[in-house]
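This report concerns only the one structure given below.
Scope of the values below: all heavy atoms of this structure, side chains included, with no hydrogens, waters or symmetry mates. Naming convention: chains lettered A, B, ... in sequence-line order (proteins, then strands); numbering from 1 in each chain.
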There are 2 protein chains.
Amino acid sequence: MIYSKECEYAIRAMTYLAQHADRRCMAKEIAEKENLPQHFLSKILQTLVREKLLESAKGPKGGFQLSKPAKTITLYHIKKFVDGVDDLNECAVGLTKCNDEMPCPLHDDFKPIREKVKNYLKSTSLADMTKALDNKKKISKAASG
Amino acid sequence: MIYSKECEYAIRAMTYLAQHADRRCMAKEIAEKENLPQHFLSKILQTLVREKLLESAKGPKGGFQLSKPAKTITLYHIKKFVDGVDDLNECAVGLTKCNDEMPCPLHDDFKPIREKVKNYLKSTSLADMTKALDNKKKISKAASG
DNA sequence: AGTAATTAGGATAATAATATCTAAAAAGGG
DNA sequence: CCCTTTTTAGATATTATTATCCTAATTACT
């Protein structure tokens, strides 16, 4: 609804990295653990490196890691570099022609909802992701055990 | 952000039809007035006919028209037949693997926002669209005149 | 130095979304 | 009944997205 696959994979990979911030993780490892297409993921990680959200190291013991603390990286940042955020800032419902002849009739009504989405992405960091994940696991463990 | 192009075109075309509910409108006419790719629009209109949202007539005086009153057709209906609404009902942020190993950490937080979107689509009819359009035109006319 | 491990990046492939073209079918008007 | 108009439907084209493969470059360890 909000992300491309590419962006989804980026978020999942970066969440994984946030969960293992004590070391570097290989693309292959992330792909296997998160069940992502490996080569596609590698590409995505490369762009995240270029955008300075990740750091990488080649060779044995190489891999990827977050370039800054998980709590300072938001979903909005990631989406911005992977998908762009135009869709969150332009005409709310994708009716491209907003002008006198064909003004977007929903713009005003939809705007507050769109703002909520944007806010949510801006206020949710990778640290929030891992925290929520931990909670979920705890709960599902308690339920099954 | 919410619709595919196809769905956007469908909504714009159907809004046009709602504005001219007194007669049938040709695909070509709609395409020209709404600045849509004509042949692609024709395809879309055909599927809307199959889905019973529109009725069509061939030959001279032919064209398309809404199959029921504008106020009974919502954006949700249209999206449902054109794009599907899975993205509004499944994992909120597109993280496809929601399970014990990888539960979607955002699901709970995002759900209310998603519900707002869904509600909005369900409560906005083509009649609302045309009404909002009329208002917009009136305002922009007053401002410029 | 040599070798294995790993990222980087270019080329290619597969699939889905978007768009166009053409021929056939249906309807109305002469 | 024929001609024109218009939808219908199927084939094709284009573009974007998603995904894979291959080679090069870099690094760590021996």
Side-chain angles (χ1 to χ4, degrees), chain A residues 1-14 17 20 23-32 34-67 79 81-84 86-87 94-96, chain B residues 1-13 17 23-67 79 81-84 86-87 94-97:
Chain A
M1 173 178 158
I2 292 178
Y3 307 131
S4 66
K5 287 268 179 212
E6 189 175 349
C7 190
E8 179 201 326
Y9 296 168
I11 290 172
R12 280 165 64 187
M14 292 191 77
L17 290 174
H20 303 86
R23 61 180 175 85
R24 281 199 281 261
C25 304
M26 294 183 300
K28 193 178 175 187
E29 173 194 344
I30 303 171
E32 278 168 4
E34 292 295 323
N35 202 30
L36 301 174
Q38 183 185 337
H39 294 96
F40 191 29
L41 176 62
S42 292
K43 290 279 163 180
I44 296 167
L45 295 175
Q46 284 169 33
T47 65
L48 293 173
V49 169
R50 274 195 297 273
E51 301 291 354
K52 314 280 192 200
L53 291 179
L54 295 182
E55 284 166 4
S56 66
K58 295 180 186 178
K61 309 263 173 132
F64 298 87
Q65 63 191 144
L66 301 182
S67 64
K79 177 171 164 59
F81 287 126
V82 177
D83 281 347
D86 286 353
D87 56 350
L95 304 180
T96 41
Chain B
M1 172 178 157
I2 292 178
Y3 308 130
S4 67
K5 288 267 181 213
E6 188 175 349
C7 190
E8 180 201 325
Y9 296 168
I11 290 172
R12 280 166 63 188
L17 289 175
R23 61 181 175 85
R24 282 200 279 261
C25 304
M26 294 184 299
K28 193 179 174 187
E29 173 195 344
I30 303 171
E32 278 169 3
K33 292 293 181 56
E34 292 295 323
N35 202 28
L36 302 174
Q38 183 186 336
H39 294 94
F40 191 28
L41 176 63
S42 292
K43 287 277 166 183
I44 296 167
L45 295 175
Q46 284 168 32
T47 65
L48 293 173
V49 169
R50 274 195 297 275
E51 301 292 353
K52 315 279 190 200
L53 291 180
L54 295 184
E55 283 166 4
S56 65
K58 294 181 185 177
K61 307 266 171 130
F64 299 87
Q65 64 190 140
L66 301 182
S67 64
K79 176 171 165 60
F81 288 127
V82 177
D83 281 347
D86 286 355
D87 56 349
L95 304 180
T96 40
K97 295 276 173 190

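The nearest whole Å value for the distance from the CG atom in B:Leu17 to the P atom in D:dT7 is 11 Å. In this structure, the NZ atom of A:Lys5 is 12 Å from the C1' atom of C:dA16, given to the nearest Å. The separation between A:Glu55 atom CD and C:dA8 atom P is 12 Å, rounded to whole Å. Rounded to an integer number of Å, the gap from B:Gln65 CD to D:dT6 P is 16 Å. One interatomic measurement links the two molecules: CE of A:Met26 to P of D:dA28, which rounds to 15 Å at whole-angstrom precision. Taking atom CG on B:Leu36 and atom P on C:dT18, their separation rounds to 13 Å, with Å as the unit. The CZ atom of A:Phe64 sits 14 Å away from the P atom of D:dT27 (whole-angstrom rounding). Atom NZ of A:Lys58 and atom P of D:dT26 are 5 Å apart (whole Å).
Here the straight-line distance linking atom CG of B:Leu48 with atom CD of B:Glu55 works out to 12.5 Å at 0.5 Å rounding.
Closest non-hydrogen pair, B:Ser67 versus B:Lys52, comes out as OG-O, 2.6 Å. Pairing each heavy atom of B:Ala31 with each of B:Leu41, the nearest pair is N-CD2, 3.7 Å.
Using a 4.0 Å cut-off, no side-chain N or O of A:Tyr9 falls inside it from OP1 or OP2 of D:dT18. In this model, the phosphate group of C:dG9 is approached by a side-chain N or O of A:Arg50 to a distance below 4.0 Å at OP1 or OP2. Put simply, A:Ser56 has a side-chain N or O that comes within less than 4.0 Å of OP1 or OP2 on C:dA8.
Residue B:Asp83 is the one, among B:Ala57 and B:Asp83, whose nearest nucleotide of DNA chain C lies closer to the 5' end (criterion: closest heavy atom). Each of A:Gly59 and B:Cys25 lies near DNA chain D, and the nucleotide nearest B:Cys25 is the one positioned closer to the 5' end.
By the 4.5 Å heavy-atom criterion applied to side chains, B:Phe40 and B:Glu6 are counted as neighbours. Looking only at side-chain heavy atoms (C-beta outward), A:Lys79 and A:Ile2 come within less than 4.5 Å of each other. The shortest distance between side-chain heavy atoms of B:Phe81 and B:Thr47 does not fall below 4.5 Å.
Of the listed nucleotides (D:dT18, C:dA25, D:dT27), D:dT18 has the atom at the smallest distance from the side chain of A:Glu6.
Using a 4.0 Å cutoff on non-hydrogen atoms, the parts of residues 37-48 of chain B near DNA chain C are B:Pro37, B:His39, B:Phe40, B:Lys43, ordered by number.
With sequence neighbours left out, A:His20 forms a ring-ring contact (aromatic ring centres under 6.0 Å, His included) with A:Tyr16.
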